[in-house]
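Report on the following structure.
Sequence lines set the chain letters: A, B, ... in the order given, protein chains first and strands last, and positions in each chain run from 1.
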Protein chains: 2
Amino acid sequence: MTTSIKDVARAAGVSPATVSRALGKGPVSEALRAQVLEAVRATGYRPNLAARRLRSQESGTIGLVLADIGNPFFTGVARAVEAAAYEAGLRVLLCNTDEDPAREAAYLALMQEERVAGLILAPTRATAEGLAEAPPAMPVVLIDRPGPPGLFDSVLLDNAGASAALVDYLVAQGYRRIAGLFGQTSGTGVERAEGYRAAMARHGLAPALRFVLPQVEAAEAGFAALCQQGRPEAMITSNSLLLMGLLRAARGAGLRIPADLALAGFDNEPWTGLVEPGITVIEQPLEAIGRQAMALLLERLRTPSAPVRKVMLSGRAILRGSTASAPPRPQSSTKTPPPSSFTL
Amino acid sequence: MTTSIKDVARAAGVSPATVSRALGKGPVSEALRAQVLEAVRATGYRPNLAARRLRSQESGTIGLVLADIGNPFFTGVARAVEAAAYEAGLRVLLCNTDEDPAREAAYLALMQEERVAGLILAPTRATAEGLAEAPPAMPVVLIDRPGPPGLFDSVLLDNAGASAALVDYLVAQGYRRIAGLFGQTSGTGVERAEGYRAAMARHGLAPALRFVLPQVEAAEAGFAALCQQGRPEAMITSNSLLLMGLLRAARGAGLRIPADLALAGFDNEPWTGLVEPGITVIEQPLEAIGRQAMALLLERLRTPSAPVRKVMLSGRAILRGSTASAPPRPQSSTKTPPPSSFTL
DNA sequence: CTGAAAGCGCTTACAG
DNA sequence: CTGAAAGCGCTTACAG
């Protein structure tokens, strides 16, 4: 059917082994290499990767299993992973689980069948919990979402710290009744909720939080639930889809931002700076997350027995109009204008 | 190393051929099948896809080569393609060229090396032009962007018609000096520019257009260029990144929309409805594009000699505040409020 | 229905 | 440096 290494060998007047060496790293004389290359051009030969992988027992591929390719956070990380993989001479097999543990399981099986060298994975909570009992057959680096402690290399944002910083800032701006809406499918949502809870407690404030599916519609419902016992002065959320949902719901309710409701969340997506007022967000270092994950994976492949590493990256708060100072209270003092961003 | 079909055969007390048949579609007695399945579970066997592909000469995979995975248009199409492929029992190999013809060429070669059954491709202009002389070795369905006429199945928006409709609508709203900013890397940008030019001519208006790279920054520069000879009353653009750039530039220049400048573009991204005023856009049927492309590819695989098909899909205009009526002119008549959307 | 054997297209010790 | 041969893990005619 298609041309094989034999056809090239015949055309070049050499053995198949020589063709293989000329195309790979084997030792070949310059003269023969030139003959082979010419024959490759003449025949239009393209190596068959399935055969190469089967024989060499190396896939030259890593897997990247993400929860939602429509989320710019993951798109950004994927770009960085792909760039780093390319530089390392590896290909990336990208899969999108859509936050569905069943699809996730299917893709993990697929990765195994493809014999990928390693895996970069942003697991759903369900999968993250199962990872301890049924670990994948290849090295795994977790990103964005925590797994069972101490078992896998991971690259995470300081999630609790970031949402605590958001609470601290809102409190400094004069807000007190601060509610939180968090994604229920990821460990990230859980960690951010914990940071929120801890910071609220530290300030002596009562927490009011809800967990929902990370979807725009779910956030609109969550908004209503959070307003059940009187409207909060501010809301924070763990995910940009939820942030969009809250904004829509607030507008639908005719609320002015931030006068009636302050808003803050995660991920500095373009739209958060385009709406008016702009929305205060924690910007995650997408590029660094992707590259760091790839670096950890490469080291793990090189040294399987090295101790497990957990890399915590810091975000940056982008301060915008959605969290401008709350209306003055009796006890509040005068404030200087806030900085427009700070590192956590 | 990892368990193979031989290990399963030994554990089940059958031949490797029987294992293969039990796992595939071959005829096997129920008793043996059960034994095999049990042995598979016991051994934790996972088939080696490289071996399977090599032997069966079927990759069970199609390639999807896109220009920009960060663009929600392509993300949406990719989801639809993947869903349709899954239903057809095929996998999808997704590659992102970033509008770079060199990367595109590398990925097309890779697709060949992976022996994918077929390809769904959104080509850059450079690649689209070369497709006639150097056609890929497998069936190709073009999406979003035109290729050499009559050579490949394709699924396209009626690009010229859509941008003409935008011009018509702006004219009906009372705008006259309408400028256009178009992406220069894709045939789509060219077609949309043509539709713009034709519609302007039909209305007896002078066109003013620029081609730029499909990037936010390039659009900001393009904005300045279009304002060189006096500011237009309205601008249309062929791409959502360019639309974002125009909006930023307009705001940076302190322009009110639509009073100082009306704005319209393509792709109904969430942010276009979140900014105020909302931006008028042509919404493309992402799901239909992806599914139609997959359908064409499947038919092509079934009937290689069938005549080439070109499917033109229609978009839907989403009318928002960014194109509200222009300030009345002497000759303009009274208008009824516009509908909020219409099909092209 | 079942098994023994051949072979997909490569790479890689093994000789020379 | 070069070639002949073996073999990666499967599937699939070919017999039975």
Side-chain angles (χ1 to χ4, degrees), chain A residues 1-37 39-40 43-61 89 91 109-117 137, chain B residues 1-37 39-40 43-61 89 91 109-117 137:
Chain A
M1 188 69 212
T2 53
T3 69
S4 84
I5 208 170
K6 279 188 186 174
D7 304 305
V8 179
R10 201 172 306 128
V14 300
S15 74
T18 296
V19 175
S20 175
R21 292 192 187 102
L23 261 30
K25 52 202 165 194
V28 197
S29 68
E30 270 317 306
L32 284 197
R33 183 187 302 277
Q35 280 179 49
V36 168
L37 262 31
V40 165
T43 56
Y45 169 73
R46 290 273 102 199
N48 181 320
L49 291 184
R52 180 175 285 178
R53 288 186 187 124
L54 174 58
R55 173 57 230 230
S56 70
Q57 298 287 78
E58 288 179 358
S59 67
T61 300
R91 282 202 32 233
L110 175 68
M111 291 296 166
Q112 165 74 285
E113 298 180 1
E114 295 279 8
R115 304 295 193 265
V116 298
Chain B
M1 187 70 210
T2 54
T3 69
S4 83
I5 207 170
K6 279 189 188 175
D7 304 305
V8 179
R10 202 173 305 128
V14 300
S15 73
T18 295
V19 174
S20 175
R21 292 193 187 101
L23 261 31
K25 52 200 164 194
V28 197
S29 68
E30 270 316 305
L32 284 197
R33 184 186 302 276
Q35 280 179 48
V36 168
L37 262 30
V40 165
T43 56
Y45 168 73
R46 289 273 103 200
N48 182 321
L49 291 184
R52 180 175 286 178
R53 288 187 186 124
L54 174 58
R55 173 57 229 232
S56 69
Q57 299 287 78
E58 286 178 359
S59 67
T61 300
R91 282 202 32 234
L110 175 68
M111 291 298 167
Q112 165 73 287
E113 298 180 1
E114 295 280 9
R115 303 294 193 265
V116 298

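- Distance noted for atom C1' between dT12(D) and dG16(D): 16 Å (whole Å).
- Counting only distance, with no hydrogens or angles, the side chain of T61(B) and the backbone of S59(B) share a donor-acceptor pair below 3.5 Å.
- Between L23(B) and Y45(B), the closest heavy-atom pair is CD2-CE2, 3.6 Å.
- As judged by a 4.0 angstrom heavy-atom cut-off over every strand, S29(A) is placed among residues touching the sugar-phosphate backbone only.
- Checked by distance alone, R21(B) brings a side-chain donor or acceptor within 3.5 Å of a matching partner on the base of dG3(C).
- Between dG9(C) and S4(A), no contact under 4.0 Å exists linking OP1 or OP2 to a side-chain N or O.
- Rounded to whole angstrom, the span from the CD1 atom of I5(B) across to the C1' atom of dA6(C) amounts to 15 Å.
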Open item on the list: Run the side chain to side chain contact (heavy atoms under 4.5 Å, CB included) test on L49(B) and L110(A) for me, step by step, so that the C-alpha distance in whole Å, both residues' side-chain angles and the decisive distance to 0.1 Å come before the verdict.
Closed with: CA-CA 9 Å; L49(B) 291 184; L110(A) 175 68; 3.7 Å; yes
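- The separation between K25(B) atom NZ and dT11(D) atom C1' is 10 Å, rounded to whole Å.
- Closest-nucleotide positions on DNA chain C for L23(A) and P16(B) were compared, and the one nearer the 5' end corresponds to P16(B).
- The separation between R46(A) atom CZ and dC10(C) atom P is 11 Å, rounded to whole Å.
- Between the C1' atom of dA5(D) and the NZ atom of K6(A) lies a distance of 12 Å, rounded to the nearest Å.
- The residue L49(A) sits apart from the nucleic acid: no heavy atom pair falls under 4.0 Å.
- Out of dC10(D), dT11(C), dA5(C), the shortest distance to the side chain of A17(B) is found at dA5(C).
- Counting any heavy atom pair closer than 4.0 Å across all strands shown, S20(B) reaches a base atom.
- With rounding to whole Å, N48(B) atom CG is found 14 Å from dG9(C) atom C1'.
- Ranked by how close their nearest DNA chain D nucleotide is to the 5' end, T18(B) and A50(B) are led by A50(B).
- In this entry the distance linking CZ of R53(B) with C1' of dC8(C) reads 14 Å, nearest Å.
- Between R53(A) and E114(B) a salt bridge is recorded (basic side-chain N to carboxylate O distance below 4.0 Å).
- Atom pair R55(B):CZ and dA13(D):P shows a separation of 7 Å (rounding to whole Å applied).
- Distance, L54(B) CG to dG9(D) C1': 9 Å, rounded to whole Å.
- Base pairing annotation: dA4(C) forms no Watson-Crick or G-U wobble pair, as no partner gives both donor-acceptor distances under 3.5 Å.
- At dG9(D), one or more side-chain N or O atoms of Q57(A) fall inside 4.0 Å of OP1 or OP2 (strictly under the cut-off).
- Scanning all heavy atoms of the two residues, the minimum distance from A9(B) to P16(B) falls at CB-N, 3.6 Å.
- Pairing for dA13(D) is absent, with no Watson-Crick or G-U wobble pair whose two atom distances lie under 3.5 Å.
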